[in-house]
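In what follows, chains are A, B, ... by sequence order, proteins preceding strands, each numbered from 1. What you see is a predicted model, and the numbers here were worked out from it, not measured in a lab.
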Amino acid sequence: MILIGIINTIYAIVYVITSPLRLLPDVTLPTNYLNSIASANSYISPFNMIIPINTILDIINLFVLIEIAYLTYKFIMWLIRRIPTQS
Amino acid sequence: MEQTTQKRKIKYSYIIIGVLVGLFCLIQAPFSSALSTTRDIYNFSIDTNNHITFTPNITSGRLAICADGPTCASTLWYTDINPPQNTIIGASVSGGSGSYLCDTNKEGNNVYLIFSNSDGNGQTGTGDYYYPLACNSSIWHTVSSDGFNTTITLPNSTLVSSGYNYVGDNFGDINIKMTGANSSGLFNQFLIDVWKDGEKINANYSIPISLSCSNCDLANFNISDTRAILYRYHQYKFTIKMSSTITDSIIKEINIDWDYTAIIYEECATTDIACYIRNGLKWAFFVPAGSFDDFLILKSTIENKPPFGYLTSAINSLLGLNNTTTGAFTLQQVTPITDTIFTPIKNGLSWFFYFLFIFALIKRFKDIQI
């Protein structure tokens, strides 16, 4: 019950903070942008016979994941330094 | 003289006994008649709409459906066809016939259908007939320690399914997942009612019971955010209803997967303090499965709102990049050449790219300042 209470409290805080966002309508990128990605994909995929497309995509994903993790870490540390008495 | 008096006493005793026997016979006659009254026999059936229908028509006596046991302790016999939802949930009948709604707010092992020939005050008497009744007893389920899975056929638009879980030592959180089996069909809303010991507990517990899914394709339909806390030593039941009229031809069956992670409490001896402490720790720190489901629901809501919606859209479109998309053009392939030349080259390139990735990663980590 103690942990459940903590979880529920955190949820309530997040729920209140995100209230303005939930009032907004759903959005998506312009259709032209999405179509351009699909179109590029259709030109790349035939070369899968020679070039390992999936391997390249996996490596790109790993790079992006590592960079996101690093940026998240930097952001959290920046927040901690905003706390008084923390340098 | 004394002997004569003794004989006279014996004679009077016989007379008194005879008179008492005669009086007893006179008094008991009506009771004997009542006891020998032939009971009317009524056949009844409960259809899928929870209506009770009687054959033949009831021509005398009274009828009630009592939720407080066969004695039907309440003094009221309702006469309305749509009975109030309290102790007595049935209708009183004196002549005529019809079908009577079996109130789904009161059902369980202690519900009795009672025919009264003796009186009409709501109390069962001699010669009355009662029958244990569970309105929706057609589908009962016993849950094991890891839940259960069942598939039910939708009979109509109202009651879809019901099942009883007897929770012994278990205490936990239950998730109901419904997956539609048919590939087409539209519906408006599912309503899931939670029952505890024969009583609907929606009003008393903060349980999300109303699940909306407008215009859902049932082939991909999955609900998993209905939860209920189960307590020990109680019976639980879940009824699933449609909120709007729907026909058999649209949805045929729904798969219900009742999973719950249970915590097993120990049965503690009176003096076993350590046992009580262990149970207390379980109570304090046990986090039921599904406690984070609310966060996931919130995430799915937020991820499509600005500004996150743009990022989500971009990620989804980039994730669509793969090697299986239909190409804008086709490269001619000669199988022997592909197998002997291109495939080895492709495999070699894969390894080469992975080595490049490792070198690039090492170089990147050298630049990172923590």
Side-chain angles (χ1 to χ4, degrees), chain A residues 1-8 10-12 14-31 33-64 66-71 73-74 77, chain B residues 173 229 283-288 291-292 294-295 298-299 301-333 338 341-343 345-354 356-357 360-361 364-365 368-370:
Chain A
M1 290 296 158
I2 293 172
L3 291 180
I4 292 173
I6 293 170
I7 291 168
N8 288 341
I10 294 171
Y11 176 75
V14 174
Y15 193 82
V16 170
I17 290 171
T18 57
S19 293
L21 291 178
R22 283 184 283 107
L23 295 173
L24 299 171
D26 290 352
V27 294
T28 183
L29 285 172
T31 312
Y33 169 80
L34 302 176
N35 289 341
S36 67
I37 299 276
S39 180
N41 195 20
S42 68
Y43 282 96
I44 291 171
S45 60
F47 293 101
N48 184 57
M49 182 180 69
I50 306 170
I51 301 169
I53 303 293
N54 270 3
T55 302
I56 294 169
L57 292 175
D58 287 346
I59 288 170
I60 291 170
N61 282 339
L62 283 170
F63 265 121
V64 171
I66 289 165
E67 291 299 329
I68 288 173
Y70 179 56
L71 280 173
Y73 170 79
K74 297 275 282 184
M77 293 308 292
Chain B
D173 183 82
I229 302 296
W283 174 84
F285 296 109
F286 176 69
V287 179
S291 295
F292 293 96
D294 290 337
F295 288 94
L298 190 61
K299 171 184 167 290
T301 305
I302 297 295
E303 68 184 4
N304 293 320
K305 305 294 183 186
F308 306 109
Y310 298 112
L311 185 65
T312 305
S313 180
I315 290 171
N316 287 336
S317 62
L318 290 172
L319 288 175
L321 289 172
N322 54 56
N323 62 352
T324 57
T325 306
T326 305
F329 56 89
T330 306
L331 292 177
Q332 291 296 324
Q333 295 187 41
T338 303
I341 299 175
F342 291 135
T343 302
I345 290 174
K346 185 180 171 186
N347 290 337
L349 278 174
S350 270
W351 284 102
F352 178 70
F353 287 139
Y354 276 122
L356 275 184
F357 168 68
L361 201 62
R364 182 71 184 91
F365 275 120
I368 288 177
Q369 292 179 346
I370 297 176

Q | Residue pair B:Y354 / A:I59: nearest heavy atoms and the distance that separates them | A | N-CD1, 3.9 Å
Q | A:I56 versus chain B, the contacting section by heavy-atom distance below 4.5 Å | A | side chain
Q) Which atom pair, heavy atoms only, marks the closest approach of B:F342 to A:I50? A) CD2-CG1, 3.9 Å
Q: Counting only heavy atoms closer than 4.5 Å, note whether A:Y70 contacts chain B via side chain, backbone, both or neither.
A: side chain
Q.
Do A:R22 and B:L298 have side chains that approach each other closer than 4.5 Å (heavy atoms only, starting at C-beta)?
A. yes
Q. Does the B:K346 side chain pair with the main chain of A:N48, one donor and one acceptor, at a distance under 3.5 Å?
A. yes
**Q.** Contact origin within A:Y15 toward chain B - heavy atom pairs under 4.5 Å
**A.** both
Q) Looking at A:I10, A:I37, A:L29, which has the largest count of heavy-atom pairs under 4.5 Å with chain B? A) A:L29
(Q) Which one wins on heavy-atom pair count under 4.5 Å against chain A: B:I345, B:N316, B:I302, B:T301? (A) B:I302
Q) Is chain B contacted by the side chain of A:P25, its backbone, both, or neither, given a heavy-atom distance below 4.5 Å? A) backbone
(Q) For A:T55 versus B:S350, what's the shortest heavy-atom pair and its separation? (A) OG1-OG, 2.9 Å
Q. A:V27 and B:P306: which non-hydrogen atoms are nearest, and at how many Å?
A. CG2-N, 3.7 Å
Q. Would you find a donor on one side and an acceptor on the other, under 3.5 Å apart, between the side chain of B:S317 and the backbone of A:L34?
A. no
**Q.** Which portion of A:I66 sits near chain B, non-hydrogen atoms under 4.5 angstrom
**A.** side chain
Q. Pairs in or reaching into residues 49-59 of chain A: which pass salt bridge (Lys or Arg N to Asp or Glu O under 4.0 Å), with residues at least two apart or in two chains?
A. none
(Q) For A:L21 versus B:P307, what's the shortest heavy-atom pair and its separation? (A) CD2-CD, 4.3 Å
Q | More than 12 heavy atoms of other groups within 6.0 Å of B:F357 CZ | A | yes
